[in-house]
Amino acid sequence: SSVSTYGIAPNGLRGIADDGTLQGTIYGLSRSTNPTLNATVRTVASGTQSYSETLVRSSVDDISMNGDIEPDEIWMNVGVRSEHLKHTIPDRRYNVMAGGALPDYKIGFNSAKLGFQLDGKFLPFEIDRDYPDRELVVVTKKMARKTITRKLNWLADDSDESGASSPYLFQAPSSSTYSLNKLACILWDGNWYHEQPMFLTRTTAINDVYLAGDPA
């Protein structure tokens, strides 16, 4: 079906980090006939797979196996991050020194230090709370690009490519009688893309207790 004016949107991370499962064409090209436009997608035939260090390591290694390059970040929602914490905190201990005070018994984590260690390089876990559950994406950020042909700004009757300096209220349309409603419109013209989608890995069907309600 055709895309209406209200349905036009820039490329998303899942559509770029895909092998044709979600998005058969990208940048106007078919992924089936242009395999270098395919990312690596790791999944299972049915059900879910448990989060593990092996799963993350394989997702990271997929990129270096496709070329002599290392990824930069790993994106996920809080559900997969929760699975990571469940995997890495199986036993919590508090030291009590002789003659010392009782420990504070603190729990929690430091978000800035969560990630994957790739030799001497740290790949941080980046959280996007709008990202779907059960997934993570290993990203080569250095190859991600953004194009902007019109900066975000309000529309008005006298708008040019730079927009208007203040909102302009348009009369809302009506099919039968006059409408008393007013509309303010804002526009951004641009897109996101990746120079080499083959240097991305999207891992799906990860068991996610928190967001997906999967069995613990």
Side-chain angles (χ1 to χ4, degrees), residues 1-49 51 55-67 69-84 115-116 123-152 185-208 210-214:
S1 61
S2 61
V3 179
S4 69
T5 302
Y6 293 101
I8 296 174
N11 288 315
L13 180 57
R14 298 182 78 217
I16 298 174
D18 188 46
D19 59 357
T21 303
L22 301 177
Q23 190 170 321
T25 60
I26 188 169
Y27 316 142
L29 299 173
S30 169
R31 282 183 144 139
S32 61
T33 55
N34 297 274
T36 57
L37 294 176
N38 288 328
T40 300
V41 178
R42 285 185 164 267
T43 189
V44 291
S46 61
T48 60
Q49 54 188 333
Y51 179 92
L55 185 65
V56 179
R57 183 172 61 249
S58 299
S59 302
V60 170
D61 287 342
D62 284 338
I63 294 174
S64 59
M65 289 294 289
N66 286 333
I69 190 171
E70 293 181 344
D72 305 294
E73 297 175 347
I74 302 176
W75 283 80
M76 62 185 67
N77 206 326
V78 294
V80 174
R81 183 182 66 182
S82 179
E83 295 300 311
H84 170 80
F116 182 85
L123 280 58
F125 287 167
E126 300 291 348
I127 301 301
D128 182 354
R129 289 177 174 81
D130 292 323
Y131 196 80
D133 53 26
R134 294 177 174 166
E135 290 192 4
L136 63 83
V137 180
V138 184
V139 177
T140 47
K141 186 178 179 181
K142 63 176 70 70
M143 304 182 79
R145 298 290 184 268
K146 175 176 66 175
T147 59
I148 299 176
T149 56
R150 186 187 188 281
K151 294 182 179 180
L152 182 69
C185 300
I186 196 168
L187 175 67
W188 177 82
D189 190 5
N191 212 337
W192 302 91
Y193 68 97
H194 195 275
E195 289 185 326
Q196 288 288 344
M198 65 184 296
F199 295 131
L200 300 168
T201 304
R202 183 163 57 90
T203 302
T204 72
I206 302 172
N207 195 75
D208 186 337
Y210 177 61
L211 289 181
D214 294 324

Sequence neighbours left out, what passes salt bridge (Lys or Arg N to Asp or Glu O under 4.0 Å) with D72? Give chain and number order.
K121, K142
How would you list, by chain and number, every residue that makes a salt bridge (Lys or Arg N to Asp or Glu O under 4.0 Å) with E83, sequence neighbours excluded?
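Per chain and number, E83 pairs via salt bridge (Lys or Arg N to Asp or Glu O under 4.0 Å) with K86.
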Distance from [X] atom [atom1] to [Y] atom [atom2], nearest 0.5 Å?
X    : Y   : atom1 : atom2 : answer
I16  : N11 : CD1   : CG    : 4.5 Å
L136 : N77 : CG    : CG    : 11.5 Å
D19  : N38 : CG    : CG    : 6.0 Å
I74  : R81 : CD1   : CZ    : 14.0 Å

Above 12 or not: heavy atoms from other molecules or residues under 6.0 Å from [atom1] of [X]?
X    : atom1 : result
Y210 : OH    : no
R145 : CZ    : yes
W188 : CH2   : yes

What residue pairs, at least two apart or across chains, pass salt bridge (Lys or Arg N to Asp or Glu O under 4.0 Å) with a residue in residues 26-48?
D18-R31, R42-D62
Applying the side-chain hydrogen bond (donor to acceptor under 3.5 Å, both in side chains) test to T140, which of E195, E73, Q196, H194 qualifies?
H194
Of all heavy-atom pairs between [X] and [Y], which one has the smallest distance, and what is that distance?
X    : Y    : result
L123 : P71  : CD2-CG, 3.6 Å
R14  : E135 : NH2-OE2, 2.8 Å
A205 : G47  : CB-O, 3.8 Å
S30  : N34  : O-ND2, 2.9 Å
I206 : T203 : CD1-O, 3.9 Å

Quick one: side chain to side chain donor-acceptor pair (under 3.5 Å) partners of [X], sequence neighbours excluded?
X    : answer
E126 : none
S58  : none
D189 : T149
T201 : none

Can a donor-acceptor pair be found, under 3.5 Å and without considering hydrogens, that links the side chain of R150 to the backbone of L187?
yes
Distance-only, no hydrogens or angles: does the S59 side chain make a donor-acceptor pair with backbone N or O of L55 under 3.5 Å?
yes
Can you list everything that forms a side-chain contact (heavy atoms from CB on, under 4.5 Å) with [X]? Sequence neighbours excluded, please.
X    : result
A39  : A17, L200
S46  : none
D133 : D208, L211, A212
N66  : T40, M198, F199

What ring pair (Phe, Tyr, Trp, His ring centres under 6.0 Å) pairs are there with at least one residue in residues 124-151, not counting sequence neighbours?
H84-F125
As a quick check of understanding, evaluate side-chain contact (heavy atoms from CB on, under 4.5 Å) for M76 and I127, giving each step before the final call.
CA-CA 5 Å; M76 62 185 67; I127 301 301; 3.7 Å; yes
Taking the side chain as C-beta and beyond, is there a heavy-atom pair between V56 and Y51 under 4.5 Å?
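Yes, their side chains come closer than 4.5 Å.
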